[in-house]
Structures are given as structure tokens and as C-alpha cells.
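Scroll down for the structure; my scribbles are underneath it.
None of these values were measured; they are calculated from a predicted model.
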Amino acid sequence: MRQPRKCFRAFLIRTCRFLAGQTGITQYLDCGSGLPTAENTHHVVQRVTPDSRVVYVDNDPAVLSHGRALLEENENTALVSEDIFEPEKLLQNALVRSKLDWNEPIALLHLGTLHHYGGEDTRSRKDIMRAYIDALPSGSYVAISHFLDPEDEHSQVARKMEHLFLHSRMGSGTFSTRAKLQELFHGLEMVPPGLVPCSDWWPDGPQLKEKSAAQRCIAGGVARKS
């Protein structure tokens with residue numbers, strides 16, 4: 001479990017560094033953030049632009065309790081309790097509406113979240129993301145990372161990992177094909193290099209070691225709304 005978390009965290013850091021340094025974005029909605037620890041979204045973006053505003057969303061009681069205490073002294077950062085898979089309700093949250101200016105571009109982060117969604121029988125992940133994307137102002141960015149079935153010789157590894165996650169205490173963790181993940185960015189302009197294994201998305205240096213199984217089975221991308 002540790003290796004996937006490391007992959008997701010590294011992608012988050014590079015994504016936030018790109019958004020803060022290259023796009024002019026100063027507002028972030030981080031869905032399913034978990035406990036704000038070292039090098040989370042606000043650490044990265046506020047290092048580049050100190051007055052950047054970050055709203056974290058989670059509904060885990062432990063995250064809410066400890067997270068709010070950690071963020072208490074940061075006036076540009078907030079943590080709200082909502083279900084990230086109910087975008088219409090989340091986007092009407094009073095703090096989400098007041099902390100972020102919805103007339104200006106916003107970066108929406110769904111990093112390591114959507115593969116834990118278990119309601120595909122009633123509403124697809126694509127429909128959930130469409131609701132978020134429709135609500136975003138023009139010029140906004142969307143970042144997604146997700147478990148990947150690479151549909152090659154490593155698919156067997158993906159399915160074994162999926163079985164492990166689904167039968168763990170967490171009880172969720174679906175691996176999807178590249179085509180299915182691309183649908184989550186419907187209508188958006190992908191930032192090069194597009195949807196790729198997270199380790200290939202603007203790495204900090206050359207890949208000297210062979211990719212691990214986790215690195216081959218986790219994909220991510222960033223896209224812009226025109």
C-alpha cells in the first residue's frame with residue numbers, strides 16, 4: 001500500500017508546482033485530500049504564491065478533526081465536510097462558495113479518489129466529473145490520478161492489486177483502462193504529455209530505474225477548461 005501512496009503524493013506535488021508556477025491559478029479545490037500533512041496542496045502552492053487559497057474536502061471524522069486543528073492558523077486554507085461524490089451538494093457548501101471566487105479560474109484536484117467510488121450502478125464517475133467541470137469557470141484546470149489497467153503484460157498485476165484493495169479493510173480500489181480514464185476529462189484540453197503513468201508526468205529527472213508495478217498501474221493527467 002505504501003508504494004501507491006508514494007506515487008500519488010509525488011504526482012500531487014509536481015501537479016501543484018506546475019499549477020502554481022505556470023498557470024496563474026491561485027484557487028484550489030482539493031477533493032478527498034485526507035489529512036493535510038507535509039507537502040500537501042497548500043504547502044506547495046503557497047510556497048510559490050503565498051496568498052493562494054485552498055479548500056480541502058473530506059468526510060472522514062478523523063481527517064476533519066485533526067485537519068482543522070492543523071490548518072487553524074492558515075487563513076487562506078480551509079477544510080470542509082462533504083461527500084466528494086456528490087458534486088452538486090459539495091459545490092453549494094457555504095464555505096466552498098465563499099472561500100473561492102467562482103468568477104475566476106479554479107484548480108480542481110481529484111487525486112487518488114475516483115477509483116474508490118462504488119456507485120457506478122447509479123451514477124458513473126464520468127457523470128460526477130462532468131458536474132464538477134460544468135461548474136468550473138473558464139480557464140480552470142482539472143487534475144486527476146487513478147489506478148490504471150495498462151492493458152498489456154502488466155494487466156495481471158493491476159488485477160491482483162485491485163483484488164487486494166477490494167478485499168482489504170478499505171474495500172475499494174478499481175483499476176480502469178486508459179480509455180475509461182480519458183472520459184473523465186471530457187471536453188477539456190489536456191496539458192502535455194496528456195494522460196500517462198504518473199511517474200511520466202513531468203518527472204523531476206530522468207527515469208534511471210525500471211518502473212515498479214505500482215508506477216505502471218497508476219495514471220494521471222491535467223487538463224484546462226476553455
Side-chain angles (χ1 to χ4, degrees), residues 4 7-8 11-12 14-16 18-20 22-25 27-33 41 54-58 82-93 96-97 100-152 155 158 162 172-202 216-226:
C7 291
F8 285 122
F11 178 72
L12 178 149
R14 295 198 306 277
T15 296
C16 289
F18 161 75
L19 290 168
Q22 300 292 329
T23 70
I25 294 285
Q27 306 187 102
Y28 300 81
L29 182 60
D30 189 343
C31 295
S33 56
T41 300
V54 179
V55 175
Y56 293 107
V57 184
D58 212 297
E82 291 289 354
D83 186 338
I84 62 172
F85 302 131
E86 295 183 6
E88 291 84 0
K89 184 172 181 292
L90 186 161
L91 293 170
Q92 291 306 312
N93 180 283
V96 171
R97 301 303 304 179
L100 303 175
D101 182 352
W102 288 83
N103 294 309
E104 296 295 330
I106 294 169
L108 172 69
L109 310 180
H110 255 285
L111 304 180
T113 56
L114 292 164
H115 48 240
H116 293 303
Y117 175 62
E120 286 282 342
D121 291 342
T122 56
R123 188 181 193 185
S124 71
R125 288 167 294 168
K126 179 181 176 180
D127 288 339
I128 289 172
M129 285 308 303
R130 182 175 293 159
Y132 278 111
I133 291 167
D134 287 348
L136 291 172
S138 295
S140 294
Y141 283 79
V142 174
I144 299 171
S145 59
H146 196 289
F147 289 145
L148 170 71
D149 177 353
E151 297 183 285
D152 58 18
S155 286
E162 181 177 67
S172 60
T174 302
F175 286 66
S176 298
T177 65
R178 190 180 305 273
K180 283 292 184 183
L181 298 186
Q182 195 67 61
E183 291 179 352
L184 303 177
F185 294 96
H186 179 74
L188 302 179
E189 178 185 356
M190 297 299 298
V191 173
L195 179 65
V196 295
C198 284
S199 59
D200 290 339
W201 199 89
W202 291 102
R216 295 180 186 278
C217 297
I218 297 176
V222 179
R224 183 180 184 274
K225 181 177 180 179
S226 300

>> For F147 and F175, take the angle between the two ring planes, folded into 0 to 90°, and tell me which bin it lands in: parallel under 30, tilted 30 to 60, perpendicular over 60.
In response: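 Ring orientation, 0 to 90° scale: parallel.
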>> Testing H110, R130, M129 one by one against L184 for a side-chain contact (heavy atoms from CB on, under 4.5 Å), which residue passes?
In response: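 The passing option is M129.
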Working to the nearest 0.5 Å, report the span between [atom1] of [X] and [atom2] of [Y].
| X | Y | atom1 | atom2 | result |
| --- | --- | --- | --- | --- |
| L111 | F8 | CG | CZ | 8.5 Å |
| S138 | E104 | OG | CD | 11.0 Å |
| C7 | I218 | SG | CD1 | 4.5 Å |
| L109 | L19 | CG | CG | 7.0 Å |
| L29 | I84 | CG | CD1 | 10.0 Å |
| R123 | D121 | CZ | CG | 14.5 Å |

Keeping [X] on the side-chain end and [Y] on the backbone end, is there a donor-acceptor pair under 3.5 Å?
| X | Y | answer |
| --- | --- | --- |
| S145 | A219 | no |
| R216 | L148 | no |
| Y28 | C16 | no |
| R178 | L195 | yes |
| W202 | F18 | no |
| T15 | F11 | yes |
| E189 | S226 | no |
| S140 | I106 | yes |
| R14 | W201 | yes |
| K225 | L136 | yes |

> Are a donor atom and an acceptor atom from the side chains of T41 and D30 found within less than 3.5 Å of each other?
Replying inline: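 Checked: T41/D30 side chains pair up, N/O donor to acceptor below 3.5 Å.
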> Do you see a donor-acceptor pair shorter than 3.5 Å between the side chains of H146 and R125?
Replying inline: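 Checked: H146/R125 side chains pair up, N/O donor to acceptor below 3.5 Å.
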> Given V142 and V222, is the side-chain contact (heavy atoms from CB on, under 4.5 Å) satisfied, shown in steps?
Replying inline: CA-CA 6 Å; V142 174; V222 179; over 6 Å; no
Check [X] against [Y] and note the closest heavy-atom contact, atom names and distance.
| X | Y | value |
| --- | --- | --- |
| V57 | L90 | CG1-CD1, 3.5 Å |
| Q27 | P105 | NE2-O, 3.1 Å |
| F85 | D83 | N-OD1, 2.9 Å |
| D200 | P193 | O-CG, 4.1 Å |
| S172 | H116 | OG-ND1, 2.8 Å |

> Do C31 and Y132 have side-chain heavy atoms sitting under 4.5 Å apart?
Replying inline: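 With C-beta onward as the side chain, the pair touches.
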> Is there side-chain contact between R224 and L188, with heavy atoms separated by less than 4.5 Å?
Replying inline: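 No. Closest side-chain heavy atoms not under 4.5 Å.
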>> For D149 and T177: C-alpha separation, side-chain torsions, deciding distance, then whether side-chain hydrogen bond (donor to acceptor under 3.5 Å, both in side chains) applies.
In response: CA-CA 5 Å; D149 177 353; T177 65; over 6 Å; no
> Would Y141 and L108 satisfy side-chain contact (heavy atoms from CB on, under 4.5 Å), going step by step from the backbone distance to the final call?
Replying inline: CA-CA 6 Å; Y141 283 79; L108 172 69; over 6 Å; no
>> Salt bridge or not between E151 and K180? Use side-chain N to carboxylate O under 4.0 Å.
In response: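 Salt bridge absent between E151 and K180.
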> With a cut-off of under 6.0 Å to the ring centre and 45° to the axis, is R97 in cation-pi contact with W102?
Replying inline: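 Cation-pi check for R97 and W102: passes.
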